[in-house]
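Please read the structure below before turning to the comments.
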Amino acid sequence: MAKAQTYIKDIRAQVRADHGGKVPDHLNLTIRNYANALEIRDKYRDEILKDGVTIVEVGSTGQMTTKQHPLCGLLYQQEMLCLSYAKALGGTAAKAAAKPEDKGGQDATNALNEFIDGIK
């Protein structure tokens, strides 16, 4: 788990930057899980790159068939797990995109009322 320790340092640095220099205590477990998930993802990726993305198997009739590497599905699942951890930590653009636009302190009701008054 040496690689996970490196990931933990990097993730904590990013979280610290996003939270004003402090890592909130409630994020420690998520950070560790994210780092471990990244390490497992790297192992799957290395294995796939070593063996090749596709493998050739001999079927029951002796026919050669080309198939996707068996770990490709696991790699995809691991990528999705890593993405969910990144979202939980606020490390993706999805969280920023979900924020409503700043209307200078104006809430949605006031904006709607002004729009309706403009129509009248």
Side-chain angles (χ1 to χ4, degrees):
M1 294 280 178
K3 204 167 191 181
Q5 292 302 320
T6 303
Y7 280 130
I8 287 174
K9 289 177 186 175
D10 293 342
I11 296 165
R12 287 181 66 81
Q14 182 62 46
V15 171
R16 194 175 298 116
D18 292 343
H19 289 89
K22 186 176 184 316
V23 176
D25 290 336
H26 69 279
L27 295 180
N28 286 328
L29 180 60
T30 305
I31 291 170
R32 281 196 313 270
N33 288 339
Y34 184 26
N36 290 330
L38 286 170
E39 183 177 28
I40 292 169
R41 181 212 54 186
D42 289 346
K43 288 180 182 179
Y44 289 159
R45 185 176 181 279
D46 291 344
E47 189 69 26
I48 291 169
L49 292 176
K50 182 181 74 158
D51 297 342
V53 177
T54 58
I55 58 170
V56 177
E57 291 182 346
V58 178
S60 60
T61 61
Q63 196 173 19
M64 303 295 273
T65 57
T66 303
K67 294 185 176 183
Q68 178 182 9
H69 194 290
L71 290 178
C72 285
L74 290 174
L75 177 62
Y76 176 75
Q77 289 176 353
Q78 200 66 24
E79 287 285 351
M80 293 299 102
L81 180 63
C82 290
L83 181 61
S84 68
Y85 283 130
K87 284 181 181 178
L89 293 171
T92 66
K95 191 169 186 176
K99 291 181 183 177
E101 290 184 32
D102 185 18
K103 297 287 184 185
Q106 186 179 38
D107 65 10
T109 305
N110 288 340
L112 182 60
N113 289 337
E114 285 183 16
F115 175 73
I116 292 170
D117 288 341
I119 293 175
K120 291 180 184 178

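No experiment lies behind these values; they were computed from the predicted model shown.
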query: What distance do Arg45 atom CZ and Lys50 atom NZ have between them, rounded to the nearest 0.5 Å?
result: 14.5 Å
Can you give the donor-acceptor pairs under 3.5 Å from side chains of residues 66-78 to other protein atoms, not counting sequence neighbours?
residue: Lys67; atom: NZ; partner: Glu57; partner atom: OE1; Å: 3.2
residue: His69; atom: ND1; partner: Leu71; partner atom: N; Å: 3.0
residue: His69; atom: NE2; partner: Asp51; partner atom: OD2; Å: 3.1
residue: Gln78; atom: NE2; partner: Ala37; partner atom: O; Å: 3.2

task: Taking all heavy atoms of Met64 and all of Val58, pick out the closest pair and write down the distance.
output: SD-CG2, 3.4 Å
- request: Can you measure from CG (Leu89) to NZ (Lys87) and round to the nearest 0.5 angstrom?
  value: 13.0 Å
query: Hey, does Ile11 have a side-chain heavy atom less than 4.5 Å from the side chain of Leu38?
result: yes
- request: Give, for atom OG1 of Thr54 and atom CD1 of Ile48, the distance between the pair rounded to the nearest 0.5 Å.
  value: 11.5 Å
message: Ignoring hydrogens and geometry beyond distance, is a side-chain donor-acceptor pair present between Asp10 and Gln14 at under 3.5 Å?
response: no
task: Check whether any side-chain heavy atom of Arg32 lies under 4.5 Å from a side-chain heavy atom of Leu29, and answer yes or no.
output: yes
- line: Interatomic distance, NZ@Lys9 vs CZ@Arg16, rounded to 0.5 Å, equals 11.5 Å
message: Does any part of the side chain of Tyr34, heavy atoms only, come nearer than 4.5 Å to the side chain of Val15, both counted from C-beta?
response: no
